[in-house]
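From a predicted model like this one, the values you see are computed outputs, not experimental measurements. These values consider heavy atoms only, across backbone and side chains, with no hydrogens, waters or symmetry-generated copies. Nothing fancy with the numbering, it's 1 onward along the sequence.
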Amino acid sequence: MYFRSFLPDDAEFCYHLRNQVIRDQFKDRLQPEEVAAAVNAYQPADYIRMAGQGSLFIIEHDGRRTGFFYLKRIDSTVAELCLIYIEHRDHGKGIGRACIETIDQWVSTHWSEVTTLVVVTFVPGYNAKFYQKVGFTPQEQTVCVLSGMPVKALRLSRPVNTES
């Protein structure tokens, strides 16, 4: 497994993977209008923009791109895992856990003042168990705005940089 920085040529991959996951895996957990709002929330150019505003990484496994994640600094002590998507065929292979370990290492090296990593999920019934397995604790119900549409969500957090 290999993690690398996003390149502009990866924008279409990120766009298609996220939309595929939303349509195939989340469709039974969201209302049709929420699926449409989520699918339309990001275009390929948005991933290029995000890469300039935070840290966007591509996950490669078995010689192919299989996912991506995006980190953004919220303030001096808080970072957010804004997006994490992995191809369904690669679920259960430890890739998600490896992403979190890589995020911990990267944050420790590049944002050493950060003590908390947050994630907001608009499909908690699908992925909150994963987040809890890797150390996130549910914090509060909140709202994501996807393509201008408010969607119920759950905020979770976990400590980072706790070793002295």
Side-chain angles (χ1 to χ4, degrees), residues 3 5-61 64-75 78-100 102-103 107 114 116-158:
F3 300 92
S5 294
F6 170 90
L7 299 170
D9 288 348
D10 295 316
E12 290 287 333
F13 165 77
C14 295
Y15 171 76
H16 290 292
L17 175 59
R18 183 176 178 279
N19 288 350
Q20 175 188 2
V21 168
I22 291 166
R23 287 186 182 122
D24 295 349
Q25 296 169 31
F26 301 163
K27 68 180 178 202
D28 296 335
R29 300 180 184 277
L30 298 169
Q31 297 299 313
E33 61 275 8
E34 292 172 328
V35 170
V39 164
N40 292 318
Y42 299 108
Q43 298 300 311
D46 293 315
Y47 294 98
I48 295 170
R49 179 187 48 77
M50 282 188 271
Q53 296 175 340
S55 298
L56 185 53
F57 295 90
I58 300 297
I59 308 157
E60 294 186 351
H61 180 65
R64 63 182 166 74
R65 295 178 294 192
T66 190
F68 68 94
F69 60 88
Y70 173 57
L71 297 168
K72 184 169 79 172
R73 187 101 175 238
I74 302 300
D75 64 31
V78 179
E80 182 177 3
L81 174 55
C82 302
L83 301 171
I84 182 169
Y85 288 90
I86 299 168
E87 286 192 12
H88 185 70
R89 67 181 169 175
D90 289 322
H91 286 194
K93 296 180 179 178
I95 294 172
R97 183 173 295 279
C99 287
I100 300 302
T102 298
I103 289 166
V107 167
V114 169
T116 304
L117 180 64
V118 299
V119 63
V120 176
T121 176
F122 60 91
V123 283
Y126 184 85
N127 56 23
K129 287 181 186 176
F130 163 75
Y131 290 126
Q132 290 177 22
K133 281 183 188 178
V134 294
F136 284 86
T137 303
Q139 298 299 310
E140 63 187 349
Q141 296 293 321
T142 188
V143 172
C144 284
V145 179
L146 302 170
S147 302
M149 172 184 241
V151 178
K152 290 180 184 177
L154 176 65
R155 179 184 307 280
L156 300 97
S157 69
R158 74 188 293 275

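- Considering only heavy atoms from C-beta on, L117 comes within 4.5 Å of L71 through its side chain.
- The ring of Y85 has its center no closer than 6.0 angstrom to the ring center of F69.
- Using a 4.5 Å heavy-atom cutoff, the side chains of V123 and L30 are in contact.
- Inter-residue side-chain proximity for E87 and L17 is flagged as met; some heavy-atom pair is nearer than 4.5 Å.
- Between L156 and T137, every side-chain heavy-atom pair lies at or beyond the 4.5 Å cut-off.
- The main-chain N or O of I58 is never found under 3.5 Å from a side-chain atom of E60 such that the two would form a donor-acceptor pair.
- Side-chain contact check for H16 and E12: at least one donor-acceptor pair (N or O, by modelled atom type) lies under 3.5 Å.
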Would V143 and V151 count as a side-chain contact (heavy atoms from CB on, under 4.5 Å) if you check the C-alpha gap in whole Å, the side-chain angles of each, and the deciding distance to 0.1 Å?
CA-CA 5 Å; V143 172; V151 178; 5.7 Å; no
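- Note: T116 OG1 to E80 CD = 12.5 Å, rounded to the nearest 0.5 Å.
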When you look at V134 and F136, which way does the side-chain contact (heavy atoms from CB on, under 4.5 Å) test go after all the steps?
CA-CA 6 Å; V134 294; F136 284 86; 3.8 Å; yes
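- Under the 3.5 Å distance criterion, the side-chain polar atoms of D75 are matched with a main-chain donor or acceptor of V78.
- The closest donor-acceptor contact from the side chain of N40 to the backbone of A36 lies under 3.5 Å.
- Contact check for V119 versus R155: no side-chain heavy atoms found under the 4.5 Å cut-off.
- Exactly one residue among F68, F13, Y70 makes a ring pair (Phe, Tyr, Trp, His ring centres under 6.0 Å) with Y47. That residue is F68.
- Here the straight-line distance linking atom CD1 of I48 with atom CD of Q43 works out to 11.5 Å at 0.5 Å rounding.
- Looking at heavy atoms from C-beta onward, M50 lies in side-chain contact with L83 at the 4.5 angstrom threshold.
- You'll find the ring centres of Y15 and Y42 outside the 6.0 Å limit.
- For the pair V35 and I22, the minimum side-chain heavy-atom distance is below 4.5 Å.
- Nearest heavy atom pair, residue Q132 against residue P138, reads NE2-CG, 3.2 Å.
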In sequence, state the C-alpha distance, the side-chain angles, and the governing distance for K133 and R97, and then conclude on side-chain contact (heavy atoms from CB on, under 4.5 Å).
CA-CA 9 Å; K133 281 183 188 178; R97 183 173 295 279; 4.1 Å; yes
Check step by step if side-chain contact (heavy atoms from CB on, under 4.5 Å) holds for F130 and I100.
CA-CA 11 Å; F130 163 75; I100 300 302; 4.1 Å; yes
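- Considering SG of C144 and CE of M149, their distance stands at 12.5 Å, rounded to 0.5 Å.
- Annotation: the span from Q31 atom CD to K152 atom NZ amounts to 10.0 Å, rounded to 0.5 Å.
- Between L146 and A41, the shortest heavy-atom contact is CD2-CB, 4.3 Å.
- Remark: side-chain polar atoms of S147 are paired, donor with acceptor, to backbone N or O of A37 under 3.5 angstrom.
- Looking at H61, its side chain never comes within 3.5 Å of a backbone N or O of D90 through a donor-acceptor pair.
- Aromatic ring centroids of F57 and F3 lie 6.0 Å or more apart.
- For the pair V114 and A79, the tightest heavy-atom approach, listed with the atom from each and the gap, is CG1-N, 3.8 Å.
- To the nearest 0.5 Å, atom CD1 of residue I103 and atom CD1 of residue I84 are 5.0 Å apart.
- With hydrogens and angles disregarded, no donor-acceptor distance shorter than 3.5 Å links the side chain of R73 to the backbone of G54.
- When all heavy atoms are compared, the tightest approach of V120 to A153 is CG1-CB, 3.7 Å.
- Between T66 and K93 there is no side-chain heavy-atom pair separated by less than 4.5 Å.
- Interatomic distance, C82 SG to I74 CD1, rounded to the nearest 0.5 Å: 5.5 Å.
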